[in-house]
Number of protein chains: 2
Amino acid sequence: MIRFVSSSGDSCSCVGKRFRGLYTEAMNSSKAVGLADVAREAGVSLATASRALNSAYGVAAATRERVAEVARRLEYVASPEASRLATGTTRTIALVVPHIDRWYFGEMVNGLEEILREAGNDVLLYHVGDPEGRHAFFEHLPARRKVDAVVVVAVPITDHERRRLELMGVTIVAAGGQDATYPYVSIDDAAAVRQATEHLLRLGHRRIATITAVDPDRVEQPARRGRTRGFYEAMADAGVTVDEELVVTTTWGGVQAAEAMEKLLSVRELPTAVLAHSDEMALGAMRTIRRAGLRVPEDISVIGIDDHPLAELVDLTTVRQPVRDQGMHAAHLLLALLRGEDPDRAQKLPTRVVVRSTTAPARNDQPSPARPATGATQH
Amino acid sequence: MIRFVSSSGDSCSCVGKRFRGLYTEAMNSSKAVGLADVAREAGVSLATASRALNSAYGVAAATRERVAEVARRLEYVASPEASRLATGTTRTIALVVPHIDRWYFGEMVNGLEEILREAGNDVLLYHVGDPEGRHAFFEHLPARRKVDAVVVVAVPITDHERRRLELMGVTIVAAGGQDATYPYVSIDDAAAVRQATEHLLRLGHRRIATITAVDPDRVEQPARRGRTRGFYEAMADAGVTVDEELVVTTTWGGVQAAEAMEKLLSVRELPTAVLAHSDEMALGAMRTIRRAGLRVPEDISVIGIDDHPLAELVDLTTVRQPVRDQGMHAAHLLLALLRGEDPDRAQKLPTRVVVRSTTAPARNDQPSPARPATGATQH
DNA sequence: CTGAAAGCGCTTACAG
DNA sequence: CTGAAAGCGCTTACAG
């Protein structure tokens with residue numbers, strides 16, 4: 001930890017010259033207190049000191065007290081390397097995140113980190129952007145035996161990857177993804193889209209377009225399946241035929257959605273509403289609509305999914321998903337698994353429509369059987 | 001790592017029953033290959049095996065080759081705990097992040113993680129939201145001796161905190177913050193705001209309002225000082241007197257900015273342009289303007305700072321700052337410091353105005369000495 | 001309840 | 001160039 005490599009004595013990490021004296025002194029004098037110091041000071045053996053600090057049994061209350069007191073006074077903290085080596089446990093959990101720079105992932109990590117750290121774990125961040133990164137991660141991490149568990153954030157993993165982790169005894173959990181093969185917590189994608197679709201249907205829309213998102217390099221695309229399914233089901237339930245021309249697919253992203261929207265605007269008969277698979281995509285669609293000289297929601301209603309923090313600022317109607325909560329639940333799920341409990345391995349958190357001002361009743365070119373929403377929030 | 005705690009044999013982490021046989025087998029048979037296995041297989045001692053794999057000197061080329069080959073074949077990976085214990089180094093770097101869920105922080109972490117991991121370090125994530133979290137971090141982390149260095153993302157730290165880290169020999173670097181007391185990479189806040197202000201001035205605006213951001217619980221507020229200063233300087237240079245009524249301060253956030261904008265709209269003579277300290281805040285201001293029945297940019301021009309990914313989708317004019325780059329540069333700075341080199345300890349990355357459509361020439365109630373910008377990007 | 005001792009899996013002077 | 005041995009700082013059976 002204390003690092004004075006250079007023999008010439010001029011390189012004490014990044015510390016300015018004026019501090020050098022101070023540093024040398026600190027190095028020589030303090031040298032992190034260890035268990036031995038605590039034991040000596042408390043007048044017990046190493047073994048007893050260790051037990052007093054860790055295990056619940058086998059130490060006289062008075063002894064435990066005394067040791068604890070000394071440890072506190074000396075600001076003793078066990079060397080994690082040493083105790084990990086000795087116990088064979090790491091108390092470290094890896095987070096595998098494809099796009100840490102996107103709100104969704106950051107929020108998820110936020111929730112995960114909070115719970116995992118509270119439980120005494122270290123949280124290692126692995127950003128795996130592209131397929132190679134994923135590959136490298138799954139090939140090396142388990143072998144490194146650095147972690148007790150890994151939580152993958154919205155990344156479907158292959159069977160091979162999963163098996164590799166399992167074989168090494170690494171517990172795996174998915175946050176925000178969903179996959180029957182390992183425990184997860186997510187939203188019900190189909191239900192979310194169904195809610196969005198039903199909101200539009202309730203407003204009297206019939207020509208509803210949807211901008212569907214897929215991952216460019218994912219092996220599976222559950223979200224697409226799930227979300228798209230919700231749309232078709234809701235339309236069918238309402239007895240509305242889906243015009244396949246109004247179903248466009250693109251990769252995640254606002255710009256991509258903006259381009260997809262151009263396609264939708266070049267259809268013979270324009271849609272009166274469009275449902276995007278994320279708020280970001282909804283904003284992209286809105287830009288195209290706006291640039292085409294059309295208005296939202298007067299000419300075309302737009303609804304997204306997420307309730308991104310900025311959605312509120314641009315008055316975007318959307319389906320809210322609790323992202324941070326998904327992270328927290330996933331963390332709890334993982335901890336339960338690590339404890340050897342048997343928690344619910346398939347948790348879905350509810351979503352709900354948040355009505356703002358990018359959706360409006362369809363104009364009277366279609367019959368409008370349902371009443372328009374009233375501006376309040378609904379389930 | 002392999003974890004079969006229960007004596008009844010029914011709790012192999014989170015693995016389903018059908019896998020139990022497989023697991024037990026794996027556990028019994030494989031048991032992670034260690035240096036000893038490599039050494040034996042290669043017919044050398046532990047010491048030689050270790051040297052062959054790590055140090056550059058002191059091993060015959062042929063020996064090194066053979067050991068490396070065996071290691072590869074056995075898929076050997078050193079136990080990080082053991083080697084850290086033995087070397088006293090952690091190869092671990094902590095990232096202290098106040099709001100991982102915001103784009104700016106996620107992007108920064110993205111850049112940091114990439115470079116630090118490439119260099120062979122583990123990246124530990126610490127989300128410290130509130131002052132207590134910060135306190136806990138700085139009090140415990142150094143004592144834990146878990147990390148070689150910490151990079152604080154846009155969090156000014158107190159002198160006491162800094163000293164604590166330094167005394168433990170932990171190298172510290174700031175990414176996105178700026179502070180004369182430790183090495184950093186950031187943008188020039190004053191320059192960024194100056195660019196924004198000059199853009200508005202160039203469009204002929206004179207009644208320029210600014211929504212200034214401060215951190216609620218920060219000890220220092222360099223950004224505020226810096227950014228605010230840029231505004232006053234640019235105005236002074238242009239010979240325009242700042243109307244103090246048009247300078248409002250609030251905490252970071254779109255909703256807060258929306259409220260601040262209400263204040264600006266209740267001034268006797270409305271501003272013709274407003275400069276917000278972030279894009280999110282700009283969007284908040286725009287919402288208030290829109291809801292007041294005014295148009296952007298026809299009635300009021302709006303410019304932000306950041307070039308948030310969504311800024312492009314809402315056509316927001318802004319000052320772009322390279323966030324990921326700041327993270328990458330900060331990582332390189334840190335690595336250089338750890339290597340004992342003497343890098344530039346005060347790196348500022350350039351920003352530039354990105355003109356989109358929320359700013360327009362001031363209407364002719366004021367003289368317009370400069371030509372309006374032409375829609376292209378400018379420095 | 002407590003202690004002496006072995007061991008976790010590496011690295012690294014110290015001798016050849 | 002190579003090996004035997006000590007040591008990194010804990011934890012945990014194994015004996016009292």
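All values below were derived from every heavy atom in this structure, side-chain atoms included, with hydrogens, water molecules and symmetry-related copies excluded. The sequence lines fix the lettering, A, B, ..., with proteins before strands; numbering per chain opens at 1. The model shown is predicted, which means the values in this text are computed figures rather than measured ones.
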Pairs under 3.5 Å (Watson-Crick or G-U), crossing ones as [ ], inter-strand ones as |: DNA chain D comes out as |||.||||||||.|||
Here the distance between atom C1' of C/dT11 and atom CZ of B/R91, to the nearest Å, is 15 Å
Can you name the side chain to side chain contact (heavy atoms under 4.5 Å, CB included) partners of A/D342, sequence neighbours left out? A/R345
In whole angstrom, give the distance that lies between atom CD of B/E81 and atom C1' of D/dT11. 14 Å
Under 4.0 Å between any heavy atoms, over every strand shown, what does A/S50 touch: base, sugar-phosphate, or nothing? Just pick one. base
Listed partners of B/S83 passing side-chain hydrogen bond (donor to acceptor under 3.5 Å, both in side chains), at least two apart: none
Check the phosphate of C/dC10 against B/Y76, side-chain N and O only, distance under 4.0 Å to OP1 or OP2. Yes or no? yes
To the nearest Å, give me how far apart CG (A/N54) and C1' (D/dT11) are. 8 Å
What distance, rounded to whole Å, do you find between the two P atoms, one in C/dA5 and one in C/dC1? 23 Å
Name all residues meeting the side-chain hydrogen bond (donor to acceptor under 3.5 Å, both in side chains) criterion together with A/S50; count only those two or more places apart in sequence or in a different chain, and write none if there are none. A/N54
Residue pair B/A36/A/G43 against DNA chain C: nearer the 5' end by closest nucleotide is A/G43
Results of salt bridge (Lys or Arg N to Asp or Glu O under 4.0 Å) for A/E69 - residues two or more places apart only: A/R72, A/R73
Distance in angstrom units between A/R51 CZ and D/dG9 P, rounded: 21 Å
Identify, with sequence neighbours excluded, every residue that meets side chain to side chain contact (heavy atoms under 4.5 Å, CB included) alongside A/A86. none
With B/R91 via side chain to side chain contact (heavy atoms under 4.5 Å, CB included) - residues at least two apart: B/T89, B/N121
Within the structure, does a side-chain N or O atom of A/S45 lie under 4.0 Å from either OP1 or OP2 of C/dG3? yes
Any N/O pairs under 3.5 Å between the protein and nucleotides 5-7 of chain D? List them or say none.
none

Measuring from atom CG of A/L112 to atom CZ of A/R117, what distance do you get when rounded to the nearest 0.5 angstrom? 12.0 Å
Rounded off to whole Å, could you give me the CG-to-C1' distance for the B/L35 and C/dC8 pair? 14 Å
Taking NZ, NE, NH1 and NH2 as the nitrogens, is one of them in A/R84 or A/D122 under 4.0 Å from a carboxylate oxygen of the other? yes
Separation of the C1' atoms in D/dT12 and D/dG16, to the nearest angstrom: 16 Å
Does a side-chain N or O of A/T87 approach OP1 or OP2 of D/dT12 to a distance below 4.0 Å, or not? no
d(CZ, A/R84; C1', D/dT12) in whole Å: 19 Å
Separation of B/R40 atom CZ from D/dG3 atom P, in whole Å? 15 Å
B/L85 CG - D/dC8 C1' separation (whole Å): 4 Å
Distance in Å, B/T87 OG1 paired with A/E81 CD, rounded so as to fall on 0.5 Å steps: 8.5 Å
Non-neighbouring partners of B/H329 that pass side chain to side chain contact (heavy atoms under 4.5 Å, CB included), sequence neighbours left out: B/V185, B/D325, B/Q347, B/L349
